[in-house]
Amino acid sequence: MRVVSLNVNGLRSAASKGFTAWMRRQKPDIVCLQEIKAREADLPRALLAPRGLHTFFHSAEKRGYSGVAIYAKREPDKVTLGLGVKDIDAQGRFLQLDFGNLSVVSIYFPSGSMGAHAQARKLSFMERFMPRLETMRACGREFVICGDWNMAHKEIDLTNWRANRGKPGFTTEERDWLTCVFEQHGFVDVFRMLDPRPDRFTWWSNFGGARERNVGWRIDYHIATPGIAKLARSSTIYTRKFFSDHAPLTIDYEYEL
């Protein structure tokens, strides 16, 4: 099972830069997208219903903002749009597909980089999402939660960690929250399990030649329950071409969807 995750920073924009053609060449089973910035009515057929894939969208109410989507080779048994929390769901941040005993989620955490109000909204999201994570872990299903979590966990996960310590995306509160997800609730950071190397990032600023110099952050994840995480065999961060300010994160699992 090949699962791709990418914050496209505008699905139509990413497609114009070659993302759709690249995606087809990967022959994925599931593609999780974040920040699609489009409603279904706004999308051309090539993006709304790619040939051979089932498509599901959870768009934000505000046009041109946020939104998540999943393309899947197999039709799911169940689709869950949103978390059942009005203000969060209005932003289009959570989409879950169930296949037998496996659930795959595309999630887009708020960014706290636009000031104190944005960071407060992000922390509120984290607080209200934690009970859902606890339910996921306790229900007996396997989960792969893909997406842009908008935070780095450890010093290895960003270039300038000293300068960014305490800033949104690398605050003590955010890092401790992720530690709780991994150590107390037993979820697995699948990429880091497979690849312990430094300088492995998924997002770069558009300023100062950050991408060319690989001055980045690892803020996009596959976070999974232990059973499916043990079946992860290989991981790739694709950086040869740029479809957005994020890079696609692909993980192959020894699992038949």
Side-chain angles (χ1 to χ4, degrees), residues 3-7 32 34-35 68 93-94 104-114 118-134 136-137 142-205 210-211 214-230 232 234-239 244-251 253:
V3 182
V4 178
S5 184
L6 173 64
N7 179 322
C32 296
Q34 304 87 42
E35 207 172 358
V68 292
R93 296 192 177 275
F94 181 93
V104 179
V105 172
S106 183
I107 194 165
Y108 177 43
F109 276 58
S111 170
S113 63
M114 298 302 290
Q119 182 67 359
R121 185 179 65 177
K122 180 180 184 179
L123 295 176
S124 174
F125 177 94
M126 292 161 53
E127 180 182 0
R128 290 183 288 171
F129 184 53
M130 182 61 84
R132 184 61 165 262
L133 283 170
E134 293 169 353
M136 290 176 175
R137 187 68 181 93
E142 297 292 344
F143 282 84
V144 178
I145 309 169
C146 297
D148 178 1
W149 292 57
N150 257 315
M151 59 186 108
H153 185 212
K154 297 186 176 180
E155 295 166 0
I156 194 176
D157 295 320
L158 68 166
T159 304
N160 296 319
W161 65 266
R162 289 182 179 86
N164 286 289
R165 188 164 42 193
K167 294 183 179 179
F170 202 58
T171 64
T172 298
E173 189 168 6
E174 290 167 276
R175 297 176 66 193
D176 288 349
W177 188 89
L178 275 177
T179 296
C180 180
V181 170
F182 299 135
E183 296 184 4
Q184 293 188 30
H185 297 303
F187 284 90
V188 179
D189 180 349
V190 181
F191 174 83
R192 187 53 78 199
M193 178 190 76
L194 294 170
D195 191 337
R197 295 176 293 172
D199 302 323
R200 305 287 283 154
F201 307 127
T202 61
W203 176 83
W204 301 262
S205 167
R211 191 150 197 170
N214 198 30
V215 177
W217 295 57
R218 189 177 71 92
I219 57 176
D220 302 88
Y221 297 83
H222 286 217
I223 291 180
T225 46
I228 189 69
K230 289 177 183 177
S234 63
S235 63
T236 305
I237 299 174
Y238 180 77
T239 57
S244 78
D245 49 350
H246 294 249
L249 171 60
T250 301
I251 294 182
Y253 298 84

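The distance from atom OG1 of Thr225 to atom CD1 of Ile145, rounded to the nearest 0.5 Å, is 8.0 Å. The SG atom of Cys146 sits 10.0 Å away from the CG atom of Asp220 when rounded to the nearest 0.5 Å. Atom CD of Gln184 is separated from atom CG of Leu133 by 12.5 Å, given to the nearest 0.5 angstrom. Atom CZ of Arg218 is separated from atom CE of Met151 by 12.0 Å, given to the nearest 0.5 angstrom. Interatomic distance, Thr179 OG1 to His185 NE2, rounded to the nearest 0.5 Å: 11.5 Å. Distance CZ/Phe143 to CE/Met136: 5.0 Å, rounded to 0.5 Å.
Scored by the salt bridge (Lys or Arg N to Asp or Glu O under 4.0 Å) test, Arg165 finds no partners at all (sequence neighbours excluded). Residues meeting the side chain to side chain contact (heavy atoms under 4.5 Å, CB included) test with Arg211, sequence neighbours left out: Trp204, Phe242, Ala247.
Heavy atoms only, all atoms of each residue included: Val3 and His222 are closest at O-CE1, 3.3 Å. For the residue pair Pro196 and Ile156, the shortest heavy atom distance occurs at O-CD1, 3.5 Å. Pro226 and Gly186 make their closest contact through CG-O, 3.3 Å (heavy atoms, listed as atom of the first residue, atom of the second, distance). Residues Phe187 and Ile223 come closest through the heavy atom pair CB-CG2, 3.7 Å. Considering every non-hydrogen atom in both Ser235 and Leu194, the closest pair reads CB-CD1, 3.9 Å. When all heavy atoms of Trp177 and Met130 are compared, the pair lying nearest together is NE1-CE, 3.3 Å.
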Stepwise, does the side chain to side chain contact (heavy atoms under 4.5 Å, CB included) test hold for Thr239 with Ile237?
-> CA-CA 6 Å; Thr239 57; Ile237 299 174; 4.0 Å; yes
Please test Val68 against Phe94 for side chain to side chain contact (heavy atoms under 4.5 Å, CB included), starting from the C-alpha separation and ending with a verdict.
-> CA-CA 7 Å; Val68 292; Phe94 181 93; 5.8 Å; no
Kindly determine whether Asn160 and Val215 satisfy side chain to side chain contact (heavy atoms under 4.5 Å, CB included), including the steps that lead there.
-> CA-CA 8 Å; Asn160 296 319; Val215 177; 3.6 Å; yes
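Between Asp157 and Arg200, none of the side-chain N atoms (NZ, or NE/NH1/NH2) sits under 4.0 Å from a carboxylate O, so this pair counts as no salt bridge. The pair Lys122-Glu174 meets the salt-bridge criterion, since a charged nitrogen lies less than 4.0 angstrom from a carboxylate oxygen. Between Asp189 and Lys154 there is no salt bridge, since no side-chain nitrogen of the basic residue lies less than 4.0 Å from a carboxylate oxygen of the acidic one.
Side-chain contact between Ser244 and Leu6 is present, with heavy atoms from C-beta onward closer than 4.5 Å. Between Lys167 and Phe170 the shortest side-chain heavy-atom distance does not fall below 4.5 Å. Taking 4.5 Å as the limit, every side-chain heavy atom of Tyr238 sits out of range of all side-chain heavy atoms of Val4. Looking only at side-chain heavy atoms (C-beta outward), Tyr221 and Val181 stay at 4.5 Å or farther from each other.
Judged by distance alone, the side chains of Gln34 and Asp148 never bring a donor and an acceptor atom under 3.5 Å apart. For the residue pair Thr171 / Arg175, no side-chain donor-acceptor distance below 3.5 Å is found, with atom types taken as modelled.
Between Phe182 and His153, the distance from one ring center to the other falls under 6.0 angstrom.
For Glu173, the CD atom counts as loosely surrounded, since its 6.0 Å shell holds 12 or fewer non-hydrogen atoms of other residues, nucleotides or ligands. Crowding of Met114 atom CE: a count of heavy atoms from other residues, nucleotides or ligands under 6.0 Å not exceeding 12.
At distances below 3.5 Å, not a single donor-acceptor pair connects side-chain atoms of Thr202 with backbone N or O atoms of His246. Side-chain atoms of Arg93 never come within 3.5 Å of backbone atoms of Ile107 as a donor-acceptor pair (strictly under, hydrogens ignored). Looking only at distances, no side-chain donor or acceptor of Ser5 sits under 3.5 Å from a matching main-chain atom of Leu249. A distance-only check finds a donor-acceptor pair linking the side chain of Thr159 to the backbone of Gly216 [under 3.5 Å]. Distance alone, capped at 3.5 Å, is enough to place a donor-acceptor pair between the Ser111 side chain and the Ser113 backbone. Distance alone, capped at 3.5 Å, is enough to place a donor-acceptor pair between the Glu142 side chain and the Ile228 backbone.
Evaluated for a ring pair (Phe, Tyr, Trp, His ring centres under 6.0 Å) with Trp149, the options Phe109, Phe125, Phe191, Trp217 yield exactly one hit, Phe109.
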